[in-house]
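Quick caveat: nothing in here was measured; it's all calculated off a predicted structure. For reference, positions follow the sequence shown, starting with 1.
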Amino acid sequence: QFVGGRYVYGGSDPNSGVDCSGFTSYVMRNAAGISLPHSAAGQSSYGQSVSYEEALPGDLLFYGGKNYINHVGIYIGNDQVVHASTAKTGIKISGATYRKPVKIIRLLES
């Protein structure tokens, strides 16, 4: 429902603009009652780690490098992720491996 919304650095409400972790924290709080920090790296320390092969819709996929995380999106199935991408593209759906996920966590009971 938020695809096409604005990317705003530091934003936390998809109705007015969000960044990646603002988007994931908003969705998890409003859809599942789960509070997460407004930081991709901070969110990566929550939940249970799973492999890409085990990923289910609702899992969070984290992107970055060997020793850092700088982006997060929500897995929606079919090898796709919804995320607040950039100021130019806003909230969009991408292939989940458009970048190699460095961590995947499950917050929701399956």
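In this structure the side chain of S49 reaches within 4.5 angstrom of the side chain of K103, judged on heavy atoms. With contacts defined as side-chain heavy-atom distances shorter than 4.5 Å, the pair V81/R99 does not qualify. In this structure the side chain of I76 reaches within 4.5 angstrom of the side chain of I93, judged on heavy atoms. Between I34 and L108, some side-chain heavy-atom pair lies under the 4.5 Å cut-off.
With sequence neighbours left out, N15 forms a side-chain contact (heavy atoms from CB on, under 4.5 Å) with F2, D13, Y26. For D59, the salt bridge (charged side-chain N to carboxylate O under 4.0 Å, His left out) partners two or more places apart in sequence, or in a different chain, are R106. The side-chain contact (heavy atoms from CB on, under 4.5 Å) search around T24 returns S21, Q43, L60, V72, I74, not counting sequence neighbours. Among residues two or more places apart in sequence or in another chain, the side-chain contact (heavy atoms from CB on, under 4.5 Å) test is passed with T97 by Y52, P101. Looking at residues two or more places apart in sequence or on another chain, you find no ring-ring contact (aromatic ring centres under 6.0 Å, His included) involving Y7. In terms of the side-chain contact (heavy atoms from CB on, under 4.5 Å) criterion, residue partners of S85 (sequence neighbours excluded) are, by chain and number, H83, T89, K92.
Residues F23 and I105 share a single hydrophobic cluster, defined by chaining ILVMFWY side chains whose heavy atoms lie under 4.5 Å apart. Taking hydrophobic clusters as Ile, Leu, Val, Met, Phe, Trp and Tyr residues chained together by side-chain heavy-atom distances below 4.5 Å, Y63 does not share a cluster with M28. By the criterion of side-chain heavy atoms lying less than 4.5 angstrom apart, applied directly or through intervening Ile, Leu, Val, Met, Phe, Trp or Tyr residues, Y75 is not grouped with L107; the two fall into different hydrophobic clusters. Note on Y46 and V102: same hydrophobic cluster, where clusters join Ile, Leu, Val, Met, Phe, Trp and Tyr whose side-chain heavy atoms are under 4.5 Å apart, directly or indirectly.
Taking every heavy atom of both residues into account, L36 and S25 meet most closely at O-CB, 3.8 Å. Between G42 and P37, the closest heavy-atom pair is C-CG, 3.7 Å.
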### Task
Start with the C-alpha distance between H38 and S12, add both sets of side-chain angles, then the distance that settles side-chain contact (heavy atoms from CB on, under 4.5 Å), and finish with yes or no.
CA-CA 8 Å; H38 191 153; S12 59; 4.0 Å; yes
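To the nearest 0.5 Å, the span separating OG on S39 from CG on D19 amounts to 9.5 Å. The distance from atom CG of L56 to atom CD1 of I104, rounded to the nearest 0.5 Å, is 10.5 Å.
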